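See structure below.
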Amino acid sequence: MKKAEIKLQIELDETNVPNTITWSSNDGESSDELPAKAMFLALWDSAYKNSMRIDLWTKDMPYDEMKRFFYETLQTLGDSFLRSSGGDPMAEKVIADLRDYCAHFADKMEVLEQQN
């Protein structure tokens, strides 16, 4: 059986706000530590039937990048849900609604215009 290890290192200031976030994996193209400005980590606790999560961002994470991060995260959550649904037509309808919301979010937050 193959195993992979993902490491996260968070450097905090005196008030526990992240200064830096780095991550590495022994299963990627490189095992180098890579910088990140923000992260969302979600885990499912099957014993208690609830999610546990950690969401962190560094002091110097630009607001425009945070908006883009939220937008892309919502989009990829939809992708993940569709992959896990096994072709459930109701899931496809609900994720279509999520995609509509993502378009609304991107429009209101001017996320897509910032790319150009």
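Computed from a predicted model, the values in this text were never measured in an experiment.
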Under a 4.5 Å side-chain heavy-atom rule over Ile, Leu, Val, Met, Phe, Trp and Tyr, are W57 and L8 clustered together?
-> no

Looking only at heavy atoms, what is the nearest atom pair of S24 and S31, with distance?
-> CB-O, 3.6 Å

Salt-bridge test for D55 and R53: reply yes if a basic N is under 4.0 Å from a carboxylate O, no otherwise.
-> yes

Measure from the side-chain N and O atoms of K108 to the backbone N and O of F105, and report whether any donor-acceptor pair falls under 3.5 Å.
-> no

Report the C-alpha separation of K37 and F69 in whole Å, then their side-chain angles, then the decisive distance to 0.1 Å, and conclude whether the side chain to side chain contact (heavy atoms under 4.5 Å, CB included) test is met.
-> CA-CA 10 Å; K37 294 287 183 187; F69 182 48; over 6 Å; no

Which ILVMFWY residues can you reach from I95 by hopping between side chains whose heavy atoms are under 4.5 Å apart?
-> F81, L82, L98

With side chains defined as the heavy atoms from C-beta onward, is the minimum distance between D27 and K2 less than 4.5 Å?
-> yes

Minimum-distance pair of heavy atoms, taken over all atoms of C102 and Y71 | O-CE1, 3.5 Å

More than 12 heavy atoms of other groups within 6.0 Å of M90 CE | no

Any side-chain heavy atom of R99 within less than 4.5 Å of one from L74?
-> no

Hey, does the side chain of N26 reach the backbone of E5 with a donor-acceptor pair shorter than 3.5 angstrom?
-> yes

Do F70 and F40 make the cut of ring centroids closer than 6.0 angstrom?
-> yes

Taking it one step at a time, do K67 and Y63 satisfy side chain to side chain contact (heavy atoms under 4.5 Å, CB included)?
-> CA-CA 6 Å; K67 293 187 298 186; Y63 180 57; 3.7 Å; yes

Give the table of side-chain donor-acceptor pairs shorter than 3.5 Å for residues 9-16, with sequence neighbours excluded, one pair per line with atom names and distance.
from: Q9; atom 1: NE2; to: E33; atom 2: OE2; distance (Å): 3.0
from: D13; atom 1: OD1; to: T15; atom 2: N; distance (Å): 2.8
from: D13; atom 1: OD1; to: T15; atom 2: OG1; distance (Å): 2.8
from: D13; atom 1: OD1; to: N16; atom 2: N; distance (Å): 3.0
from: D13; atom 1: OD1; to: V17; atom 2: N; distance (Å): 2.9
from: D13; atom 1: OD2; to: T15; atom 2: OG1; distance (Å): 3.4
from: D13; atom 1: OD2; to: K59; atom 2: NZ; distance (Å): 2.7

Within one Ile-Leu-Val-Met-Phe-Trp-Tyr cluster: M52 and L41, side-chain cutoff 4.5 Å | yes

Could you state whether M66 and M109 fall into the same hydrophobic cluster, counting links through intermediate Ile, Leu, Val, Met, Phe, Trp or Tyr residues with side-chain heavy atoms under 4.5 angstrom apart?
-> yes

Under the side chain to side chain contact (heavy atoms under 4.5 Å, CB included) rule, what do T58 and M39 come out as? Steps first, then yes or no, please.
-> CA-CA 9 Å; T58 60; M39 64 172 268; over 6 Å; no

Pairing of D88 and K93 as salt bridge, 4.0 angstrom limit = no

Please tell me if the side chains of I21 and L56 come closer than 4.5 Å, counting only heavy atoms from C-beta onward.
-> yes

Under a single-linkage definition using a 4.5 Å side-chain heavy-atom cutoff for Ile, Leu, Val, Met, Phe, Trp and Tyr, are I54 and W44 assigned to the same hydrophobic cluster?
-> no

